[in-house]
Q: 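My structure is below; once you've seen it, I'll send some questions.
Proteins come first, then strands; the chains are lettered A, B, ... in the order of their sequence lines, and each starts at number 1. Only heavy atoms go into these numbers, but all of them, side chains included; no hydrogens, no water, no symmetry mates. Just so we're clear, the structure is a prediction, and the values are computed from it rather than from any experiment.
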Amino acid sequence: MAEIVSLQSAIRAHVHDGDAVAMEGFTHLIPFAAGHEVIRQRRKDLTLIRMTPDVIYDQLIGAGCARKLIFSWGGNPGVGSLHRLRDAVEKDWPQPLEIEEHGHGDLSNAYVSGASNLPFAVLRAYAGSELPKHNKNIRFIECPFTGETLAAVPSIRPDVAVIHAQKADRKGNVLLWGILGVQKEAVLAAKRAIVTVEEIVDNLNAPPNACVLPSWTLAAVCHVPGGARPSYAHGYYDRDNRFYQAWDEISRDRQTFLSWIKKHILATEDFSAFQKVLRESAKEQLV
Amino acid sequence: MAEIVSLQSAIRAHVHDGDAVAMEGFTHLIPFAAGHEVIRQRRKDLTLIRMTPDVIYDQLIGAGCARKLIFSWGGNPGVGSLHRLRDAVEKDWPQPLEIEEHGHGDLSNAYVSGASNLPFAVLRAYAGSELPKHNKNIRFIECPFTGETLAAVPSIRPDVAVIHAQKADRKGNVLLWGILGVQKEAVLAAKRAIVTVEEIVDNLNAPPNACVLPSWTLAAVCHVPGGARPSYAHGYYDRDNRFYQAWDEISRDRQTFLSWIKKHILATEDFSAFQKVLRESAKEQLV
Amino acid sequence: MSAANYNTTEMMIIAASRLLTNGAVCFVGIGLPSTAANLARLTHAPDIVLIYESGPIGAKPEVLPLSIGDGDLAERADTVVSTPEIFRYWLQGGRVDVGFLGAAQIDRFANINTTVIGDYKKPTTRLPGAGGAPEIASCAKAVVLVLKQSARAFVKKLDFLTSVGHLDGGDSRKKLGLPGAGPVAVVTDLCIMKPHEVSRELTVTQLHPGVTREQVQKATGWEIRFAEIVQESVPPTENELKVLRDLLHRTALAHGQAPAA
Amino acid sequence: MSAANYNTTEMMIIAASRLLTNGAVCFVGIGLPSTAANLARLTHAPDIVLIYESGPIGAKPEVLPLSIGDGDLAERADTVVSTPEIFRYWLQGGRVDVGFLGAAQIDRFANINTTVIGDYKKPTTRLPGAGGAPEIASCAKAVVLVLKQSARAFVKKLDFLTSVGHLDGGDSRKKLGLPGAGPVAVVTDLCIMKPHEVSRELTVTQLHPGVTREQVQKATGWEIRFAEIVQESVPPTENELKVLRDLLHRTALAHGQAPAA
């Protein structure tokens, strides 16, 4: 059964230095509040797993929390580069970042086989691509029936999965809807899972066959309204595209980035304090 | 795009002698009307694929439509044996029936890999079981990363899939809910698909992330109210448990079975005529 | 307090239900397993999680399902997923604590046959087949078997090994590399057997009230072993019996009322 | 009737949109592909089916998405499935007629690089990476590439081969045994190129109005081939241009109005 606890204690209890952490959410429901709390608690040497690193991992990488990144597309959606990711890969700042890259189909299959407790996934891809040359975790196998050659990748089994969802009930059962990405698979593939939610209700009133994660599949559920900002939560708030654009400026320069992290994350107590400071910065046109 | 046509013309156009046919529905939404129409049109030499043959395949087998059966559990749920299936396997009546049997997890994985256009599925099962000895389509492979041995089965790719659903819209998009079984996978694994529905509406009003089959994945959609009887349609009617019990008597004896099929299916024009005759038989206590 | 009058089937179901701890995730088949699991849910294990292979997770049926996919299972479930997901993410995923199985034949190492009596190619009796048993036997953390005891069912040699238990005993199952631990108990209308910790051979650890060792031996096709200390099962309590009988009564009414086509 | 004033980007997007036939199932990336696909939907191909890798199937966005997972995509889709399902049942399943891709670098056989400029281990520029391109390039029945033409992008040798086109030309792609046919057209701001039917080398088949062969050659890092008959693209019609500009205008307004955190 999931404990319903503060995000602070959930991160303290379940995310440790050196863990393999998957924070998922395909542009929708990205668990930014949880990402910030990991920075606040100054976690180190994490292996970060995520199909689209997005601004959330750009922040974690720039803040020096990551040793390795497993991903399939590392850009700022609709804007351009992730400058902190690039700086780490191109110039080892703030520290070298080992990268293991895949394709989206590959990683999403690897989450599925992880959730299925299989050691590997099979897919039709990579013939002719140079990715297998640089990623020893992309191999090829033969079909025992047809003899066809297919690509194989190892399952993803994170130590911790972190997602954001719309609702939980008081027992800790979680409901999400809209664009689901690989969140369910990430949770079921992980040893432990943390879910931040927009609201906690008496009854989920889930439609038939909705995406529900039973409380007993989760380690912790945290009530963090707005916890996916600047990404969006379907039915609650829109994506803050302005922030994604502003991030390009904030993250381009190391000092600007460091002072932003210091002021907005390290100097704030929690996500609601962060949001307050961010709103002030916005007024001051700094964002 | 699916054509919205009569069940009679859908079966005539898309189910041919010798086809591999998967009629799915896990005790819920079993496409009985379509099964009857296949008998009415006297199809022959079909390879019938279905996790739980149930009464629908007992009828097709007894009526002499099947050459082969691929299945994982062949009983009359909550009642006992499928007498026509047993008679075919034990005594070659009305003709020999080749059987290929799997487990539920195996077959459901084989539908998934079929829908995914992969040649085989991988699962953790069968070590120690004698099934692989009698089914050359259960093999073992090695994980290219861990060296573990896992079971492999060929994907299911039927010529035709037939399911029953609750709703279609006028374009032929289909919505089903409740117990979904492997219906979606069967449709997506098949070369062609026929869907019978309870009603055709202007707007599906599908909840987010509901199980919807777009019209362009289907060959034909047929309006057949009650088309899943004696199984049930969630939100429309309950399972007719009495008929499942009555079937034990009807099917136990070859002559009783033949006269039932003759009177109720071969002598009726369509499913609504069948239902009318069945109601009369029920009144006469024959059923 | 314990009940005066009960039959051996009731004792078997109640004994099986007592093996399920509150909060356990239970993969339930139709029939006796489903009856025992729901009895547990309605008595000492209100938070037990029932998973049915048709898709319902956290099912709380009002009455016992006649089929594995009854609508009542979906109505009151926490969620309903596809059958492939049940087998892939939930059973094989390692989330099932107890897999509940029945069998037509069982041997001394709790291997089971649900396929054929006689020769596979020309069976004298064609049984329904494997269902989800091979995967449950492989992947559930533990398996509990429930079936009536008779020399026809408890055989020296299976006609067909459908789903593996402890194979040839000892560490032979372990060598197969399956994720689950295999059968931990066999509950019958006469007794409870558990695999010996070294040999893994089924050993009677508990006799139901009034049952003799001779009765058990007569109903077993091999020389059955008894544990050093064989306990007597606690007879059904008034409450267990009342809840079970109410459940069966509700069930009969509900299914009797099913509309004719 | 054709429009008087339009720019080369508009010509590129409109030329790309014209390649999509009504009813086609189109796997759409963000940016130019998404713009061209939605333009097609709003002009000559109202029944086109747009699939985005985040999960929407049959998306009908009011405005262009800034991210691949914008809520607007889900709101108006026929259904929204998980990302693994998109790649497994829909793309790999063989249900995508046209995969739309962009690229940082492309070679004469329409192989593309979206990974790095420079050495992989120590890149001068780290690009976003593969995304879904390797799977789309493998499994979509056909691939259309859309990108601005320049000698920096159209290179003799890729720094990295992320997603395969026609590999080394001839039947070399065929030998890979991939289900899809690979790139069928490359649409740029200058022209349209198609693979030669035998050599599979990109060949200019159509020049946009006013564009010279010299311009195309200057913007290409290898000696570009021209088809025997090179046609001139039909300029944008008033309607195409109006619908495109309205779409881009609506989009700018919508995203500008996005609330600040």
Side-chain angles (χ1 to χ4, degrees), chain B residues 26-28 51-52 71-75 77-79 81-82 85-86 89-90 101-106 108-109 111-112 123-131 134 148-149 177-185 211 226 229-232 234 237-244 275 278-279 282 287, chain C residues 30-31 53-56 65-71 73-75 80-88 91-92 111 114-115 120-139 158 160-165 167 172-173 176-179 255-256 258-261:
Chain B
F26 207 133
T27 76
H28 178 215
M51 292 178 65
T52 58
F71 75 109
S72 41
W73 190 83
V79 179
S81 290
L82 292 174
L85 167 57
R86 284 187 56 179
V89 174
E90 295 169 11
E101 61 185 309
H102 299 260
H104 278 344
D106 163 350
S108 54
N109 269 285
Y111 274 116
V112 166
L123 69 156
R124 294 188 185 274
Y126 293 127
S129 166
E130 284 184 337
L131 278 163
H134 297 278
E148 283 169 276
T149 299
W177 68 87
I179 286 174
L180 302 174
V182 292
Q183 286 103 301
K184 180 177 187 172
E185 286 72 20
C211 182
R229 291 183 187 276
S231 80
Y232 74 104
H234 205 131
Y237 44 88
D238 293 333
R239 186 169 189 264
D240 184 355
N241 293 314
R242 284 212 209 120
F243 182 84
Y244 274 86
Q275 287 183 286
L278 189 67
R279 274 190 298 274
V287 170
Chain C
I30 282 303
E53 61 197 12
S54 57
L66 251 191
S67 86
I68 196 76
D70 277 17
L73 294 173
E75 285 294 355
V80 179
V81 301
S82 72
T83 297
E85 185 179 318
I86 285 285
F87 281 95
R88 292 155 57 84
L91 176 60
Q92 187 176 269
N111 302 297
T114 55
T115 304
Y120 183 77
K121 292 254 169 281
K122 270 278 147 255
T124 53
T125 305
R126 173 65 226 195
L127 302 167
E135 295 91 355
I136 294 167
S138 302
C139 297
L158 298 176
F160 191 96
L161 198 170
T162 310
S163 306
V164 72
L167 196 57
S172 57
R173 179 191 168 99
L176 296 176
L178 296 167
H255 293 150

Q: For the pair Ile179(B) and Ser54(C), evaluate side chain to side chain contact (heavy atoms under 4.5 Å, CB included) and give the outcome as yes or no after the intermediate values.
A: CA-CA 7 Å; Ile179(B) 286 174; Ser54(C) 57; 3.7 Å; yes

Q: So for Glu185(B), is it side chain, backbone, both, or neither that comes closer than 4.5 Å to the heavy atoms of chain C?
A: side chain

Q: Do you know which of Gly181(B), Gly78(B), Ser231(B), Gly75(B) has the most heavy-atom pairs with chain C at a distance under 4.5 angstrom?
A: Gly181(B)

Q: What part of Leu123(B) gets closer than 4.5 Å to chain C, counting heavy atoms only: side chain, backbone, both or neither?
A: both

Q: Kindly determine whether Trp73(B) and Glu53(C) satisfy side chain to side chain contact (heavy atoms under 4.5 Å, CB included), including the steps that lead there.
A: CA-CA 12 Å; Trp73(B) 190 83; Glu53(C) 61 197 12; over 6 Å; no

Q: Within the side chain of Ser129(B), is there an N or O that forms a donor-acceptor pair under 3.5 Å with the backbone of Thr162(C)?
A: yes

Q: Give a yes or no on whether the backbone of Ala125(B) and the side-chain of Glu135(C) come within a donor-acceptor separation of less than 3.5 Å.
A: no

Q: Looking at Val80(C) and Gly178(B), what are the two nearest heavy atoms and their distance?
A: CG1-O, 3.4 Å

Q: So which residue, Leu176(C), Leu91(C), Thr114(C), ends up with the most heavy-atom pairs under 4.5 Å with chain B?
A: Leu176(C)

Q: Can you tell which part of Phe160(C) gets under 4.5 Å to a heavy atom of chain B, answering side chain, backbone, both or neither?
A: both

Q: Answer with side chain, backbone, both or neither: which region of Pro56(C) has an atom nearer than 4.5 Å to a non-hydrogen atom of chain B?
A: side chain

Q: Chain B heavy atoms under 4.5 Å from Glu85(C): which part of the residue, side chain, backbone, both or neither?
A: neither

Q: At a heavy-atom separation under 4.5 Å, does Tyr126(B) approach chain C through its side chain, its backbone, both, or neither?
A: both

Q: For Pro179(C), which atoms come within 4.5 Å of any heavy atom of chain B: side chain, backbone, both, or neither?
A: side chain

Q: Where do Pro84(C) and Val112(B) come nearest, in terms of heavy atoms and distance?
A: CB-CG2, 3.4 Å

Q: May I ask you to name which of Ile136(C), Val81(C), Leu127(C), Thr124(C) has the most heavy-atom pairs under 4.5 Å with chain B?
A: Thr124(C)

Q: Taking every heavy-atom pair that is under 4.5 Å apart, which of Gly71(C), Gly129(C), Pro65(C) has the most such pairs with chain B?
A: Gly71(C)

Q: Mind listing the closest non-hydrogen atom pair of Gly103(B) and Ala130(C) along with its distance?
A: CA-CB, 4.3 Å

Q: For Leu167(C), is it the side chain, the backbone, both, or neither that has a heavy atom closer than 4.5 Å to a heavy atom of chain B?
A: side chain

Q: Taking all non-hydrogen atoms of both residues into account, name the closest pair between Ser138(C) and Arg124(B) and its distance.
A: CB-O, 3.7 Å

Q: So which part of Tyr244(B) gets closer than 4.5 Å to some heavy atom of chain C, the side chain, the backbone, both or neither?
A: neither

Q: Dump the intermediate steps for side chain to side chain contact (heavy atoms under 4.5 Å, CB included) on Thr125(C) and Arg86(B), then the final yes or no.
A: CA-CA 8 Å; Thr125(C) 305; Arg86(B) 284 187 56 179; 3.4 Å; yes

Q: So if I apply the side chain to side chain contact (heavy atoms under 4.5 Å, CB included) rule between Val89(B) and each of Arg126(C), Lys121(C), Lys122(C), which one comes out positive?
A: Arg126(C)

Q: Heavy atoms only: give me the nearest Pro134(C)-Leu131(B) pair and the separation to one decimal.
A: CG-CD1, 4.2 Å

Q: Should the pair Phe87(C) and His104(B) be assigned to parallel (<30°), tilted (30 to 60°) or perpendicular (>60°) ring geometry?
A: perpendicular

Q: Give the member of Gly226(B), Cys211(B), Gly128(B) that has the highest number of heavy-atom pairs under 4.5 Å with chain C.
A: Gly128(B)

